[in-house]
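Values in this document were obtained by computation on a predicted structure and should not be read as measured data. We name chains A, B, ... by the order of the sequence lines, and we start the count at 1 in each one.
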Amino acid sequence: MKYIDYSILQRLLVHRGKMDFPALVYRELGLVYSSLSSVEQAHALEQIHSNGSLLEEIKEKEMQAIFEIETDMISILARMEEIGVRVDAKKLTSIGKEIVQKMTHIEAEIFSNVGEVFNLNSPKQIQYILFEKLGIKPLKKNKTGYSVDTEVLEEIAKSHDIARSILEYRLLAKLNSTYIIGLSKAIQKETSTIHTTYESLGTSTGRLSSNDPNLQNIPTGDGYAEEIKSCFIPRKGNILMVADYSQIELRILALLSQDPHLLEAFENGEDIHERTARFLFPNEKTISQDQRRIAKMVNFGVIYGITGFGLAKTLGCSPWEAGRYVDAFYEKYSRVGEYYDDLVKKGEEDSYVSTLFGRRRYISSLTDANKTLRAAARREAINMPVQGTAADILKFAMREIAKEIKQQNLKGSMILQVHDELVFDIPKNEQETFQEIVRDIMEHIFDTVKDKIQTQNLFLKGEKPQFPPILVDIGVGENWAKAK
DNA sequence: CGAGGAGCGA
DNA sequence: ACGTCGCTCCTCGA
């Protein structure tokens, strides 16, 4: 079993990004953290916890709720890591064999067409083949030369079959190296389980991260991706249950901005992308699939502080057209734009932005003289409260769920977290119980943590905040693919 | 061993 | 200049 090092307060929230836990130990206790034994490290941790000036600082910054949830996450995540997830190693291997076979085939085909053997994993060699040997026109540059990324190859594929073949090879190579080989190496032989490591304070927004191996980027979708996901299985006699928040970030944007149209759409249980599509295409009687697709991209893009240019790239339309969509969005959901302006203005004054529960991200470049840096800082500022509040509530929900599992002495376990999704490995006879508990806690989490909400981060203009309904989709199955 | 390119997820 | 947050794989050159 892997050692679980939650030297937790590894990075104390108060200074995250600027000071890590070892540095904090040094500052507060004058000790070099890494030179301490694990017992001594734990002791140092206790001292930090009982350190008056630190607690004072947390209180002054109104970060008690964040401090408490982060403290509670330590044991919750440690438990999830320790339990791990069961994986069908044989199936993974057999999928791998299929993939390798296909790769070999594509590889041979490419080499024979080009009349040369080269390394398909080397962007530099692909550059040579495409742009020098075959004389294809390069489309995009990067630091070291001409780009051969997916976007470029997709364009070239319209006229040259080799680009399509390279894309196919790349896809398979990624799946094989990262997921077949990578995950196989991580399987504990005795138990057929994989034990990731979570970092609770490893991101600038408050999200978790997962590493060694990363179980937060397992492929989704059809084909081999689905095959790979189906290798994640429950323990004997159990089933997997997946609970994921539906459009959580857009709902949080509705809450933070208090935009009446967003709130109303969610309140009425409308299809939010369709609603946006009606705003973007006011003259259309009915909304086509493509129009809905565009609206969906716009909705997500707004959360990231998108520009017309950026949207044009992902949409594959002209910047002018994309700009019109962005403008139309802010025209209709006008409180979103006002909220962003309020947020950034306060961010400029404070040099940080906050989630609804007081988690902070320090951003200094909001007032930088460099326009590009300033724009980047603005996007970070805009995204953080949305992404961070979503992270906060899932952490709160995890705490409530862990508490309930313990109280009811349930045999099932929470085993994975993927930003808006929780995965459980549970006995079949606990299925109903888990479904009820998890849905109830996740959907009503704002009620549960009401007293921790900092309404000043809503920039309310007099009125009381309206909370959008929060919905959770729950699925159950004999593997991760089927439970989704 | 680290930088750069590329690609997987929310 | 060009949409946020992550992690891992590979190549290539120090």
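- When rounded to the nearest whole Å, the span between CD of A:Gln387 and P of C:dT4 equals 11 Å.
- Using a 4.0 Å heavy-atom distance criterion, A:Glu421 is classed as making no nucleic acid contact.
- Taking atom P on both nucleotides, B:dA6 is separated from C:dC2 by 15 Å, rounded to a whole Å.
- Within 6.0 Å of the NZ atom in A:Lys102, the count of heavy atoms belonging to other residues, nucleotides or ligands does not exceed 12.
- Distance CG (A:Leu139) to P (B:dG5): 17 Å, rounded to an integer number of Å.
- For A:Ser177, the listed nucleotide lying nearest its side chain is C:dC10; candidates were C:dG6, B:dA6, C:dC10.
- Here A:Asn383 does not reach the OP1 or OP2 of C:dC5: none of its side-chain N or O atoms lies under 4.0 Å away.
- The nucleotide whose nearest atom lies closest to any side-chain atom of A:Leu171 is, among C:dC2, B:dC8, C:dT11, B:dC8.
- Aromatic pair A:His273/A:Phe300: ring centres closer than 6.0 Å.
- Residue A:Arg374 is out of contact with every strand shown, counting any heavy-atom pair closer than 4.0 Å.
- Counting non-hydrogen atoms under 4.0 angstrom, A:Gly310 reaches the backbone sugars and phosphates but no base.
- Taking the six-membered ring for Trp and the full ring otherwise, A:Tyr128 and A:Phe118 have centroids separated by 6.0 Å or more.
- Ring geometry for A:Tyr330 versus A:Tyr340: interplanar angle over 60°, hence perpendicular rather than tilted (30 to 60°).
- Using a 4.0 Å heavy-atom criterion, one finds that A:Lys124 contacts the sugar-phosphate atoms exclusively.
- Within a 6.0 Å radius of CD in A:Gln289, other residues, nucleotides and ligands contribute 12 heavy atoms or fewer.
- Nearest heavy-atom pair, A:Ile303 versus A:Asn383, reported as atom, atom and distance to 0.1 Å: O-ND2, 3.3 Å.
- Note on A:Arg379: only backbone sugar-phosphate atoms sit closer than 4.0 angstrom, heavy atoms only; bases stay farther off.
- With rounding to whole Å, A:Ile218 atom CD1 is found 14 Å from C:dC7 atom P.
- Rounded to an integer number of Å, the gap from A:Asn142 CG to B:dG4 C1' is 8 Å.
- For C:dC5, neither phosphate oxygen OP1 nor OP2 lies less than 4.0 angstrom from any side-chain nitrogen or oxygen of A:Asn217.
- A sub-4.0 Å separation between OP1 or OP2 of B:dG7 and a side-chain N or O of A:Arg170 is present.
- Atom CD1 in A:Ile306 sits roughly 15 Å away from atom C1' in C:dC5 (whole-Å rounding).
- Using a 4.0 Å heavy-atom criterion, one finds that A:Val386 contacts no nucleic acid atom at all.
- The CG atom of A:Leu172 sits 15 Å away from the C1' atom of C:dC9 (whole-angstrom rounding).
- Taking every side-chain heavy atom of A:Phe309 into account, C:dC2 is the closest of B:dA10, C:dC2, B:dG7.
- A:Lys174 comes within contact range of at least one nucleobase, with a heavy-atom separation under 4.0 Å.
- Residue A:Leu153 contributes atom CG, which lies 12 Å from atom C1' of B:dG7 at whole-angstrom precision.
- Looking at heavy-atom distances under 4.0 Å, A:Glu380 makes contact with sugar-phosphate atoms alone, never a base.
- If you check every strand for non-hydrogen atoms under 4.0 Å, A:Ile181 touches nothing.
- Taking atom CZ of A:Phe118 as the reference point, atom C1' of C:dT11 lies 14 Å away to the nearest angstrom.
- When distances run from any side-chain atom of A:Val418 to the nucleotides C:dA1, B:dA10, C:dC12, the shortest one goes to B:dA10.
- Using cut-offs of 30° and 60° for the angle between ring planes, the A:His261 and A:Phe279 rings count as perpendicular.
- Taking 4.0 angstrom as the limit, A:Asn119 places a side-chain polar atom (N or O) nearer than this to OP1 or OP2 of C:dT11.
- Between A:Thr150 and B:dG7 there is a side-chain N or O to OP1 or OP2 distance below 4.0 Å.
- Closest to the side chain of A:Thr178, from the set C:dG6, B:dA10, C:dC9, is C:dC9.
- OP1 or OP2 of B:dG9 sits under 4.0 Å from a side-chain N or O of A:Thr220.
- Phosphate proximity of C:dG6 to A:Ser204: present, with a side-chain N or O under 4.0 Å from OP1 or OP2.
- Not one side-chain nitrogen or oxygen of A:Ser210 sits closer than 4.0 Å to the OP1 or OP2 atom of C:dC7.
- Looking at A:Tyr224 and A:Ile99, their side chains come closer than 4.5 Å, going by heavy atoms from C-beta outward.
- An OP1 or OP2 oxygen of C:dC12 is reached within less than 4.0 angstrom by a side-chain nitrogen or oxygen of A:Gln125.
- Of the candidates B:dG5, C:dC10, C:dC2, C:dC2 carries the atom nearest the A:Thr307 side chain, counting heavy atoms from C-beta on.
- The A:Ser147 side chain lies nearest to B:dA6 when the options are C:dG6, B:dG4, B:dA6.
- Between A:Ser122 and the phosphate of C:dC12, there is a side-chain N or O to OP1/OP2 separation shorter than 4.0 Å.
- The A:Ser209 side chain lies nearest to C:dG6 when the options are B:dG5, C:dG6, B:dA10.
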